Amino acid sequence: MSEQSPGSQLWQVPDGDLAAIVVACEEKLRTGYAEMLAAVGESEQRGLGKSLGYKDTAAFLTDTLRISTREAKQRIDHAAATMPSSSLTGVPQPPPQAATSQALTAGDINVEHVQAITATFQACPAGIPVEQREADERILVELARQAGPEAVRKAGRRLHAIWDQDTAPPADKEREQAHPLRRLDITRRKDGSIRFSGELDAETAEELDGLLGPLAKPHKNPAIGEHDTRTTAERAGDALAEIIALAARCDELATQGGERAVMIVSVTLAELENRARQAFLDVPGLSSVDGLRRLACESKVVPAIFGNNAAPLYVGDASRFATPAQRRYLAVRDRGCAYPGCTRGPKWTTPHHVVAWSVDKRTDVDNLVLLCARHHRTVHRTAWEVRMNGHLPEFIPPPWIDRERKPMRNLAHTTLPRHQQAA
């Protein structure tokens with residue numbers, strides 16, 4: 001009888017246990033990579049490749065492991081950055097990125113995280129003190145424990161801008177602060193269209209990146225369901241057009257206080273008495289009560305009950321929607337989407353009721369949390385839970401992620417404290 005493959009019995013595993021297996025396998029990959037880096041670091045220090053007849057360690061890894069030269073060199077770089085080396089006296093020296101090494105060895109971060117952190121510190125100016133490097137590394141590692149590699153790379157770009165500012169001559173700092181690098185060259189065509197190019201300082205570029213990111217994502221055509229056929233440049237252009245249109249309506253937005261559209265859910269008294277749930281779903285794009293609840297979190301809800309002859313019997317107040325003052329408070333408190341690791345700013349979020357408004361009719365700031373569209377769906381559809389601890393929201397992961405279900409808070413908006421926090 002042939003030996004069964006490791007996954008041959010997985011079809012019998014319950015969903016929760018299968019999710020736990022996926023997480024455990026990822027931890028094994030991470031700790032295994034840490035072991036690989038330790039072996040690669042020792043090989044590089046010994047000159048193992050040359051002793052075995054190869055040009056260098058990279059050639060040895062490429063031939064023996066059947067990996068690309070690029071991958072071999074990356075592993076050597078990661079090993080040099082994270083694994084301890086021995087001096088001529090044989091005494092182990094602390095690794096340049098000790099926090100990264102510890103997190104990888106513990107299985108808390110993955111290869112992409114290591115690459116993002118290592119690339120950040122490879123470009124660190126020599127004038128940055130060791131203590132600051134170590135503190136900044138710990139910040140990135142803590143972020144990597146709850147966020148994806150892109151969030152770490154984004155924080156790394158912020159660090160680069162800060163390091164450049166910290167190490168720049170005083171005269172250059174004053175000139176940069178007084179006159180940030182911002183330039184826009186516009187060429188007008190005969191048909192009224194324009195072509196432009198320019199430059200932006202790091203802070204403004206970060207703001208623009210935050211605006212373009214959500215708007216430039218590829219999406220399906222809602223009419224026919226086809227995938228987005230626009231190029232990256234075309235999506236960015238469409239996103240810029242939306243931003244310009246938004247800026248053109250700034251007076252209107254200020255008057256409205258940033259409120260979303262009003263959603264009126266209508267049902268006749270007879271339908272209400274017969275519990276005809278479909279009456280609540282006559283909204284384009286909705287196919288479930290869960291979808292209606294999620295949309296209701298983002299909209300001003302005005303309940304209206306009509307008689308069979310469309311006579312209005314009752315029209316309630318729009319009391320479930322956060323006021324402009326509450327939104328401003330939430331923007332200061334949460335700084336954007338409060339889901340662990342999310343970098344979305346306040347303008348891309350909507351207030352979510354921690355305890356459903358239908359339960360206790362509470363729309364106060366201690367029952368609201370800002371969530372972006374993606375993580376709004378996550379909280380509504382998955383086993384993630386959100387609760388308030390005093391005046392601050394915290395998230396409880398599913399048991400397959402953390403058996404102890406330890407509460408988490410988002411560190412992505414506070415990974416660069418003091419002068420490092422980007423606008």
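Fair warning: this is a prediction, and the values are worked out from it, not measured in the lab.
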inquiry  = Please evaluate residues E44 and T57 with respect to the criterion side chain to side chain donor-acceptor pair (under 3.5 Å), reporting the C-alpha separation (whole Å), side-chain torsions for both, the decisive distance (0.1 Å), and the verdict.
reply    = CA-CA 6 Å; E44 175 74 353; T57 304; 2.6 Å; yes
(Q) Working note: H353 + N367, criterion side chain to side chain donor-acceptor pair (under 3.5 Å); need CA distance, chi angles, decisive distance, verdict. (A) CA-CA 6 Å; H353 287 77; N367 191 42; 5.1 Å; no
Show your reasoning for whether side-chain contact (heavy atoms from CB on, under 4.5 Å) applies to R387 and V355. CA-CA 8 Å; R387 71 183 185 187; V355 177; over 6 Å; no
Does the pair F395 and E385 meet the rule for a side-chain contact (heavy atoms from CB on, under 4.5 Å), with working shown?
CA-CA 6 Å; F395 292 75; E385 297 176 12; over 6 Å; no
**Q.** Verdict with reasoning, V379 to L371, per side-chain contact (heavy atoms from CB on, under 4.5 Å)
**A.** CA-CA 9 Å; V379 169; L371 293 174; 3.9 Å; yes
Derivation and outcome, side-chain contact (heavy atoms from CB on, under 4.5 Å), residues L208 and L200:
CA-CA 9 Å; L208 180 61; L200 292 174; 3.8 Å; yes
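Taking a 6.0 Å sphere around CZ of R66, one finds it holds 12 or fewer heavy atoms contributed by other residues, nucleotides or ligands. No more than 12 heavy atoms of other residues, nucleotides or ligands shown are found within 6.0 angstrom of CZ on R46. Around CG of D15, the count of heavy atoms belonging to other residues, nucleotides or ligands within 6.0 Å does not exceed 12.
Electrostatic pairing of R133 and E137 does not count as a salt bridge here, judged by no charged N lying under 4.0 Å from a carboxylate O. A salt bridge is absent between D228 and R235: the closest approach of a Lys/Arg side-chain nitrogen to an acidic carboxylate oxygen does not fall below 4.0 angstrom. A salt bridge does not link E199 with R182: every distance from a Lys NZ or Arg NE/NH1/NH2 to an Asp or Glu carboxylate oxygen is 4.0 Å or more. E142 and R138 are not joined by a salt bridge, as no carboxylate oxygen comes within less than 4.0 angstrom of a charged side-chain nitrogen. Looking at E394 and R405, no side-chain N of the basic residue comes within less than 4.0 Å of a carboxylate O on the acidic one, giving no salt bridge.
Looking only at distances, a side-chain donor or acceptor of E234 sits under 3.5 Å from a matching main-chain atom of T231.
Donor-acceptor pairing under 3.5 Å is recorded for the side chains of D136 and W163. Under 3.5 Å, the side chains of H376 and Y339 contain no donor-acceptor pair of N or O atoms. Side chains of T349 and R344: a donor-acceptor N/O pair is absent below 3.5 angstrom, by distance only.
Under the side chain to side chain contact (heavy atoms under 4.5 Å, CB included) criterion, A103 pairs with D108, I109, V141, R145, not counting sequence neighbours.
With values rounded to the nearest 0.5 angstrom, K73 atom NZ is found 8.5 Å from T62 atom OG1. Put simply, CZ on R188 and OG on S193 are 10.0 Å apart, with the number rounded to the nearest 0.5 Å. Between C372 atom SG and R377 atom CZ the span is 8.0 Å, to the nearest 0.5 Å. Rounding to the nearest 0.5 Å gives a distance of 10.0 Å between CG of L61 and OH of Y54. Distance check: R157 CZ to I162 CD1 gives 13.0 Å after rounding to the nearest 0.5 Å. Rounding to the nearest 0.5 angstrom, the gap separating the CZ atom in R75 from the NE2 atom in H78 is 10.5 Å.
Summarising the geometry of A322 relative to R327, their closest heavy-atom pair is CB-CG, 4.2 Å, with the distance given to 0.1 Å. Residue H160 comes nearest to A123 through the heavy atom pair NE2-CB, 3.6 Å, listed as atom of the first residue, atom of the second, then distance. Between A81 and T118 the shortest heavy-atom distance is CB-CG2, 3.8 Å. The shortest heavy-atom contact between C337 and H413 is O-NE2, 2.9 Å. Across every non-hydrogen atom of V13 and L18, the tightest pair is CG1-N, 3.4 Å. The two residues A151 and L143 make their nearest non-hydrogen contact at O-CD2, 3.6 Å.
Screening T105, L140, I117 for a side chain to side chain contact (heavy atoms under 4.5 Å, CB included) involving T100 leaves a single residue, I117.
If you look at H375 and H352, their ring centroids are not closer than 6.0 Å.
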